[in-house]
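All remarks here apply to the structure that follows.
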There are 2 protein chains.
Amino acid sequence: MATAAQFHKIVAFYDAHRRMPSYQEIMSLVRFRSKDSVFKLVNRLIDQGRIKKDKTGRLLPTRYFFAIPWLGSVVAGYPNPAEEELLDPISLEEFLVKNKESTYMLNVTGDSMIDAGIMPGDIVLVERREEAKHGEIVVAEVDGEWTLKRLCKRGRKVTLEAANKNYPPIEPKNELRIAAVVCSLIRKY
Amino acid sequence: MATAAQFHKIVAFYDAHRRMPSYQEIMSLVRFRSKDSVFKLVNRLIDQGRIKKDKTGRLLPTRYFFAIPWLGSVVAGYPNPAEEELLDPISLEEFLVKNKESTYMLNVTGDSMIDAGIMPGDIVLVERREEAKHGEIVVAEVDGEWTLKRLCKRGRKVTLEAANKNYPPIEPKNELRIAAVVCSLIRKY
DNA sequence: TTGACTGGCGAACGAACGTTCGCTTATGGT
DNA sequence: ACCATAAGCGAACGTTCGTTCGCCAGTCAA
């Protein structure tokens, strides 16, 4: 269908201007000479679910505007580059950030969690909250500093364990204050 | 400054509607009774760099709309929650995706790269290209399947090395086709 | 060949847009 | 107490918005 190329131009406009184009702007994007042609094109795109309209008629982007195509698995299969959009398209924000209000980024230094695949220089996305379950990786306050460890609850005993055999578990003397819970990890190469 | 709370409401509107509010909409958001008051408020926000306007007067979001606050380092210091916005605010997309056209997501299965901190179930963001430098982690085509390995160039000899001592290096018999280069890693807990 | 359907064109509609004006009220420094 | 400045109000401006209309050229099935 030819609407795919036209849709691409709209997405490109959105990426460049960080807003949806007006009907006039789409008109020159896809080289129409009538706004009504655009109107009908937009309705087709809405039927396909690629664009949305709010109740005042303004155009809104959908997930397709933010999506990074998902190719599949890297060991198991041999993805066909022709059919890129197999899995649900999803934006990184949507994928990683559940509660925008309480999510923060944190640089990781030190190698105490290296056996859990968290290396120095990595970035963790954390959600600020004070409760965590057994096994979750948390940011805890110990001796006035923040430290990244795995929370272990055994009966009434709570310890902080590193994922590195060179670091002994921490058994908090007084109270244990949890500052945040790690919800995802990011690494740039 | 009181504009901070008002700015927050505008960001909230943007998050909810995926577009910038009109002056009228800001009017009711911040409970003004005149569009001119909004006009002046917006100009203040523009002076602060928190909002932008294109040449037609439409409002545009800035990095502040997408940013996840950066708290600092998790081991070294003790970040003050009061001053959250110390480092440059940045959006995940902006941070991780350089070339939107050629970036794809890929599921990782298998533990062959576990010593490089890439675990089964992780997701890698890759850029499709056929050239890679020594030491980069690449998606390569071997025997009709895709595999994730570190590229090693020693003189004219090119091998694919796993980051796991249980896996021997791969020495390609014929040609070595690189499908993509890993540029970042994502893990969800 | 006919008739239903689709897609693009050009013109027009009211509504909403960003902007500007003159005026009033609050605020802050001297 | 004074004046300068800033912030909010209400009304108006020209422009652009999304929408709708009638019309015409293709397409495809009956």
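Protein chains get the first letters and strands the later ones, always in sequence-line order, with residue 1 at the start of each.
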Check your understanding: Axis-to-axis angle across the helix from C:dT1-D:dA30 to C:dG28-D:dC3, five pairs an end, to 10 degrees?
Key ->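 Inter-axis angle at the ends, rounded: 30°.
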N/O to N/O distances under 3.5 Å, protein versus nucleotides 18-20 of chain D:
| unit_1 | atom_1 | unit_2 | atom_2 | d |
| --- | --- | --- | --- | --- |
| D:dG18 | OP2 | A:Y23 | N | 2.9 |
| D:dG18 | N7 | A:K35 | NZ | 2.9 |
| D:dG18 | O6 | A:K35 | NZ | 3.1 |
| D:dT19 | OP2 | A:Y23 | OH | 2.8 |
| D:dT19 | OP2 | A:K53 | NZ | 2.9 |

Review point. Quick one: are B:F7 and B:I51 in side-chain contact, heavy atoms under 4.5 Å?
Key: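 A side-chain contact under 4.5 Å exists here.
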Exercise for review: Taking the side chain as every heavy atom from C-beta outward, state whether A:I186 and B:S184 have any atom pair closer than 4.5 Å.
Suggested key: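 A side-chain contact is absent here, since even the closest heavy-atom pair is not under 4.5 Å.
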Check your understanding: Between B:L41 (CG) and D:dA7 (P), how many Å, whole number?
Key ->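 To the nearest whole Å, that distance equals 9 Å.
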Practice item. Check ring-ring contact (aromatic ring centres under 6.0 Å, His included) between A:Y14 and all other residues, then give those that pass, not counting sequence neighbours. Key: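 Expected list: A:F65, A:F66.
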List the atom pairs, with distances to 0.1 Å, where a side-chain N or O of residues 91-98 of chain B and a protein N or O form a donor-acceptor pair under 3.5 Å, not counting sequence neighbours.
| unit_1 | atom_1 | unit_2 | atom_2 | d |
| --- | --- | --- | --- | --- |
| B:S91 | OG | B:E94 | N | 3.1 |
| B:E93 | OE2 | A:L92 | N | 3.2 |
| B:E94 | OE2 | B:R63 | NH2 | 3.3 |

Check your understanding: How long is the gap from NZ on A:K52 to CZ on B:R18, to the nearest 0.5 Å?
Key ->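 So the gap between those two atoms works out to 7.0 Å.
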Review point. Quick one: side chain to side chain donor-acceptor pair (under 3.5 Å) partners of B:Q6, sequence neighbours excluded?
Key: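 None.
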Practice item. Any pair with a residue in residues 130-139 of chain A that passes side-chain hydrogen bond (donor to acceptor under 3.5 Å, both in side chains), sequence neighbours left out, goes on the list, sorted by first then second residue, please. Key: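 Only A:E130-A:R177 qualify under side-chain hydrogen bond (donor to acceptor under 3.5 Å, both in side chains).
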Check your understanding: Does A:R19 make a side-chain N or O approach to OP1 or OP2 of D:dC17 shorter than 4.0 Å?
Key ->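 No.
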Review point. Which part of the nucleic acid, if any, lies within contact of A:R31, taking any heavy atom under 4.0 Å across all strands shown: a base, the sugar-phosphate backbone alone, or nothing?
Key: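 Since no nucleic acid heavy atom lies under 4.0 Å of A:R31, the category is nothing.
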